[in-house]
Amino acid sequence: MRLKDNDILHYALRNRKLRIGLAIIAFFMLVMLAGPLFARWEARERAGLYPSAPPNSTNWMGTTKMKEDIFSQFIFGTQSTFLIGFLAGCIGTTIGLSIGFFAGYVGGWFDELLMMLTNILLVIPSIALLIILAAYLPYRGVQIQSVIIGCTAWPWVARAVRSQTLSLKQRGFVSLARISGVSPLRIIFEDIAPNMLSYVVMVFILQFGGAILYAVALDFIGLGPTRGISLGLMMQEAFQNNALQVGYWWWFIPSGLSITLIVSGLFFLNTGLDEVFNPKLRDQ
Amino acid sequence: MLQVEGLSKTYNKSSRARVRAVNNVSFSVEKGQIVSLIGESGSGKSTIGNMVLQLTKPSSGRILFGNQDITRQRSRSSLKEYYRKVQGVFQDPFSTFNPIFRVDRVFAILHREFFPNEAAEAWQQRVEAALLSVGLTPAAVCGAYCHQLSGGQLQRILIARALLLEAELLVADEIISMLDASTRIDVLNLLGEMRERGLSMMFVTHDLSLGYYISDRVIILYKGVMVESGNTQTVFSDPQHPYSRSLLEAVPRLDVRWDELPPRPASRHEAAMFNPDCDKGSPRMEQIGEDHWIAVRDCLPGTEL
Amino acid sequence: MKKYISRKIFMYLLTFFVAISINWLIPRMMPGDPILNLISKLSRQATNNARLYAELNQKFGMDKPLFSQYLLYLKNLTQGDLGQSIIFYPKTVAAIVSKALPYSLTLTIPAILLSFLVGNYLGALAARKKMLDNTVLPFWYVLTATPYLWLSMLLAWLLGSKLNLFPISGAYSFSRLPSATLSFVLDYLHHWVLPFASIFFVQLGGWAIGMRNLIIYELDADYSKYLRALGAPDKLVRRYAYRNARLPQITGLAVQLGVVVVGAITTEVVFGYPGIGLILAQAILGQDYFVVQGAFLMVVLCVLGANFFIDIAYIFIDPRVRHSMIGD
Amino acid sequence: MQRSKRFILLALAALLLTLPLAATAEKETDFGRKDTVYVTGGMWSIPTSFNPITWSVPAGLRGLTYESLLTYDALSDQLKPWLAKSAVWQADGKTLRVTLNPGTTWSDGSPLTAEDVAFTFTYGAWSNPFAGYLETANVIDDRTCDLVFSDPAYHSINLNLYIWPIIPQKIWSQIPAEEATDFEPSLEQSIGSGPYVIEGYDQDRVVYQRDDDWWGIKGLERSFPAKRVVYIKSMANNVAMAMLSQGRELDMANNYVSGLPAFTANNPALHTYYKGAPYNLPDNIVFLMPNHTKKPFNDTAFRRALAFAINTDDIVEIAYENMIVKPENSLGLLPHPGWAAYNNDDIAKNLGYSFNQDEASRLLDAAGYRDTDGDGLREYPDGSALSFKVSVPYGWTDWMDALRIITDNFREVGLDARPDFPDEGRYQNEMVKGEFDMLLNNWGAYRSSSPFSLYQFLFSTYTPVGEDEWTGNFGRYDNETLRNLVQEFNRIPMDKTQESNAIVRQIQTVHMQDMPYIPLWINGMWFVANTNTWTNWPGEVGSTNQNYPSLWTDKLQIGGLWMLSEIKLK
């Protein structure tokens, strides 16, 4: 049943989707990590010589209406966007996993209760939570945005993990662990969870990408971070300043294109991994 | 040592399709005895095994072990106490081992859960002794993953596991059905040896010949209901219940051609089974011989059978 | 079965009740004072504001104890009374929502259903043809990964501003008032195309990818292998695979239909489409809790309704579900 | 199975498409392009109630459908007749005699008489602007009405003569005064006297149709060329821009459009008031409001230092792309003929400020705000850390951009200032309750017939923290002398400019010395038109339409109406 380790590596290296996905993500990781070495200004620094200038030797990707350097914004925006995706992905996946595991494993009224909670959270749109938080918080930062997204994005994970747990629960090794006197918590984390590792990785990747897209939508309707920069905010500012209509393509294109690339890179990665882990899906 | 009284399990997720997986089953297992639960798939035999192992909660009835009703005590410590004495081996050896760990993890868990005070080295020696006693070379299995071992080896490891705990009762659920013929007999013989050591066993199987081969007593189940039980020899030589009969007749015989089988006279019980005037509820067990019991239905007075 | 359904109904009612209670609670947890906002909308004259404040407080029931406010909310809810808007004062929430709802529904329901049908069809097609799979699949990924609004803006810019093919704002021409005539319907459809397309295309990719993966799984399932071993034509095998793969997709559809009301919030903002999303965006920024509450109520109803419908439909569509109700 | 599914889908789609139709009229409408003028920018919300005496009316209602007694030409600073031929203060200084133009009628044909005028100003609705001032309203005859004031607040009254609408007595007398603001008149009940009646509306528009029997055609010798005026709810910036450039369904926009200079350069059909910078007429002043109940804003030296630190030129040039005028001096007055008499340049020169960060630093140093711990940021004189935030509602993009420049300026002089973008609701709450550090606001600083409106906004009230402040002194600047001066200003007749200016000089002196609120920049009267269908839009040169180009609520009465009557079909 189980693939040998080198099998997985073998397929992973040969999988084209995985390679494309990895290449895209690696590129943006590079932008994110090495970029600050080249970014000469802060994201909000009015650094350019001219407002709304097309790409030139000083401002490699041009400037915004406020003379901000778009290259710097792109670097720091990519960082924030990854941070949002990563944090929100981690939070959403963790909460979803925990709730899914317990609901699926413990079952009974506990399951009913948790699933009701899940359904309610599916039903109450996350903007509701955002409004409350927006009112209480002195400001909204990138981290807060990702916490909010993470805290509202888990119901899908919980549902999926629960059904996976239900099927894993029927497996012999869970029974064996139970008659070995292992505690339910240990069973969940030692026996069930590791068997879902590949699944968890994929869930995380999807949450990562989903969070990025969700953050963009929040930025757009005015519930984005009030401090800092992200690719979504760049896009929103370009939109509000008519960048496309006036012809400032260098302001409008990079943010949207990067988000599209990052998220599709994540999707490629996900499908690639799916194919590596599930022999049924392989091209060959 | 184990007494099962009026055990029932009903899955009622839907009112129309309310399934009585186990219906009012009573039996007992004495020390050193092997009792086989025999029935086709869906007869509820595995559910009984799971209830005895406390993996499934019974809907009603009692399970007494050493005069204690274990269905009433579900605290972790009492559960652990119970598992010291009652252990199980399951049908599919490959799914019984977590594929991502080495197989000897099952021993490590035992060490952690039941013998935390025992020194690692002493424990290791006991593990090796147990493995040797089930006919395995410790070096060959320790450190291996389950997909690297055969089904027979894996089942032996599980038996060794029960030995380490010095369990008193082993619930063996179809443990050889997924093994190939040559290893089957080895495992069966091993079970026989275990009985010699005083281990009681509940042997769950759909295989009549296995039940006949290994057990002291048999219980034949049909759709969750006990239809016949008793001494293995008695039941097999003179099955009384129509279901037991058809079950035994369905086994191909080497000495008689199919069409030469003598016609089977319909029994009183068979007639009762299909008569609408007879009770449709759970039948009661009636003793018809020394250690030979059969399920009967009560019919309305004057019903022509 | 009856018990199953009644239990489901009970759970749904319970969820609904809890959800609307939370919905009620949310505005009350806010630190600010909605009446203050309303007054600043209504009047900037200082002279009468104290009196006005008291009057409005009473009118909105804010002077009552919290619990009786809650009971009043429930009572009003049963009468379809969702309260009064703050930023659109003195319009009632029910009036605002009912006016906007048809626009949202006519935009998103066809977009979701059609993308579902077409996406599933394309996904099934891709699962069959390797070449199609390799060429089109990456395109779908990119499509799904594109932020809605970015695509909307590009579409609006290209097809609306540059090529002048489609109008880019409103649900029908500003030169019209609605009438039951063919020319109005055509005008309406003309405005509908761009917002529809921007939702349709982004969703299409998701459905197609899902369907493709599911079919590939199903084609490898034992029953498919068995059918093929029996010599069944490929077409038949695929049809069975498609039938099975459809089920998880339908679950996804239920969820999508649930967010139909606010799902297109960004699209509606970009195209000035006068649906619930546009109202909600304004209400959120203007902290109009009553409108937000009303819009959320629609979401709650849609999500629960769609899920319930699918839950029940499953019993009839999928024998496995019927079976799983029995097993543990 | 497949076929039936498709059928269901088609049926569903067809059903859904009919939904919006269900609630609407039978008759076919498609306004002729040459009959209609499409405008946007004035309406920010869905049309709520067509009730002219609340403050949240749909744009155009006051002006197009309901008329005021007078109008005010905001370009030439003249009151002009409208419903009233004249409104003259009598010799007692307390009685205002209003004489109506001949032939004024309501849209149902019935006459609009002095009774209606008297009713309007004595009606007990809380929004009545003369409540508290007016003693009685005496109807002299059908055309004449004397408004007798107990407290003749000339400047306030003057403002409302050209803003407040006259309402039909026969409709409103049936409505109890306390329910007046909740009253939602139906279209049948919407009987106005204006040149247009409401034809219809939807979520994103109001359609006004010309009343060809309007009294003013004869009475004012004025007519409106467009058969319909369609008010379109303000839309996303880029949509407005695209629609403007196409000119297909939009003729004029009164909203701030980012990137306009670059855009107009490539679109010859687009018309702005000025051909180049500053493109727009000045309309209102944005103030930086410190909270005087908090440290360090209660320190005059600190506030004055802030004023010197801000580079207002950057705001004009970068945040506003040169779309607005630069202020002439630091008094915070509009460059507007109505206010010109009060533009006391000498006060500005002697006491005012200009952008000079060295001076700002000097003032801060002198007041003891020094960087004592060497982190590059100033501390309080006692050495404790000093930091504050400046608030602007999230989403007001031009203000957000301007604020970023301001806080950067503050940091340049060593102050730890952060821009803060709360949601609009929180911004308002904090403002009204006095819980902010600093904020930007312009509520009452708009173009009017007298700078009294400005000083009323800034200095006429004082509310301690704990109570709600609504007028404009959000920072709780407590100066009783100033408050009395503003009231005194209000009680000097409009034409006695010299007497008024003596008081205004005192107000300005205190303002510049104390710097309670810092004038920052002058917002434009955003205006862009497309000349493909309608021409002769107001403009600096080559236009006979010399009117204030605004269709915002309550700005039709100061120019918008005149503008609409003077546009021409191409």
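Within every chain, numbering begins at 1; the chains are lettered A, B, ... in the order of the sequence lines, protein sequences first and strands thereafter.
- A 4.5 Å side-chain heavy-atom check between D:Ser49 and C:Phe88 finds every atom pair outside the cut-off.
- Considering OG1 of D:Thr48 and CD1 of C:Ile96, their distance stands at 8.5 Å, rounded to 0.5 Å.
- Between chain C and the options D:Glu249, D:Met235, D:Gln246, heavy-atom pairs under 4.5 Å are most frequent for D:Glu249.
- Within the 4.5 angstrom heavy-atom criterion, only backbone atoms of D:Pro47 (N, CA, C, O) approach chain C.
- For the set C:Ile279, C:Leu107, C:Asn164, the entry with the most heavy-atom pairs within less than 4.5 Å of chain D is C:Asn164.
- When heavy atoms are compared at a cutoff of 4.5 Å, D:Val230 approaches chain C solely by way of its side chain, counted from C-beta outward.
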Self-check item: Evaluation steps, side chain to side chain contact (heavy atoms under 4.5 Å, CB included), between D:Asp30 and C:Phe184
Solution: CA-CA 9 Å; D:Asp30 190 1; C:Phe184 177 79; over 6 Å; no
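- Residues C:Leu278 and D:Lys233 are in side-chain contact: their nearest non-hydrogen atoms beyond the backbone lie under 4.5 Å apart.
- Looking at D:Thr36, there are no atoms closer than 4.5 Å to chain C (heavy atoms on both sides), in backbone or side chain.
- In terms of the side chain to side chain donor-acceptor pair (under 3.5 Å) criterion, D:Asp35 has no residue partners (sequence neighbours excluded).
- Shortest non-hydrogen contact noted between D:Met243 and C:Ser169 is SD-CB, 3.6 Å.
- Residue C:Ser85: no heavy atom, backbone or side chain, is found under 4.5 Å from chain D.
- C:Ser173 OG to D:Phe31 CZ: the interatomic distance, rounded to the nearest 0.5 Å, is 10.0 Å.
- C:Lys99 NZ to D:Ile46 CD1: the interatomic distance, rounded to the nearest 0.5 Å, is 9.0 Å.
- Each of C:Ala156, C:Ser175, C:Gly275 has some count of heavy-atom pairs under 4.5 Å with chain D, and the biggest count is that of C:Ser175.
- Each of D:Glu467, D:Met241, D:Glu430, D:Glu184 has some count of heavy-atom pairs under 4.5 Å with chain C, and the biggest count is that of D:Glu184.
- Summarising the local packing, OH of C:Tyr240 is surrounded by 12 or fewer heavy atoms from other residues, nucleotides or ligands at distances under 6.0 Å.
- Heavy-atom pairs under 4.5 Å with chain D peak, among C:Pro167, C:Ala100, C:Ala95, at C:Ala100.
- The two residues D:Gly200 and C:Leu177 come nearest to each other via the heavy atoms CA-CD1, 4.0 Å.
- Rounded to the nearest 0.5 Å, atoms CZ (D:Arg205) and CZ (C:Arg176) are 10.5 Å apart.
- Heavy-atom distances place both the backbone and the side chain of D:Asp204 under 4.5 Å from chain C.
- Remark: D:Arg248 fails to qualify as a cation-pi partner of C:Phe174 under the 6.0 Å distance and 45° angle criteria applied to the six-membered ring.
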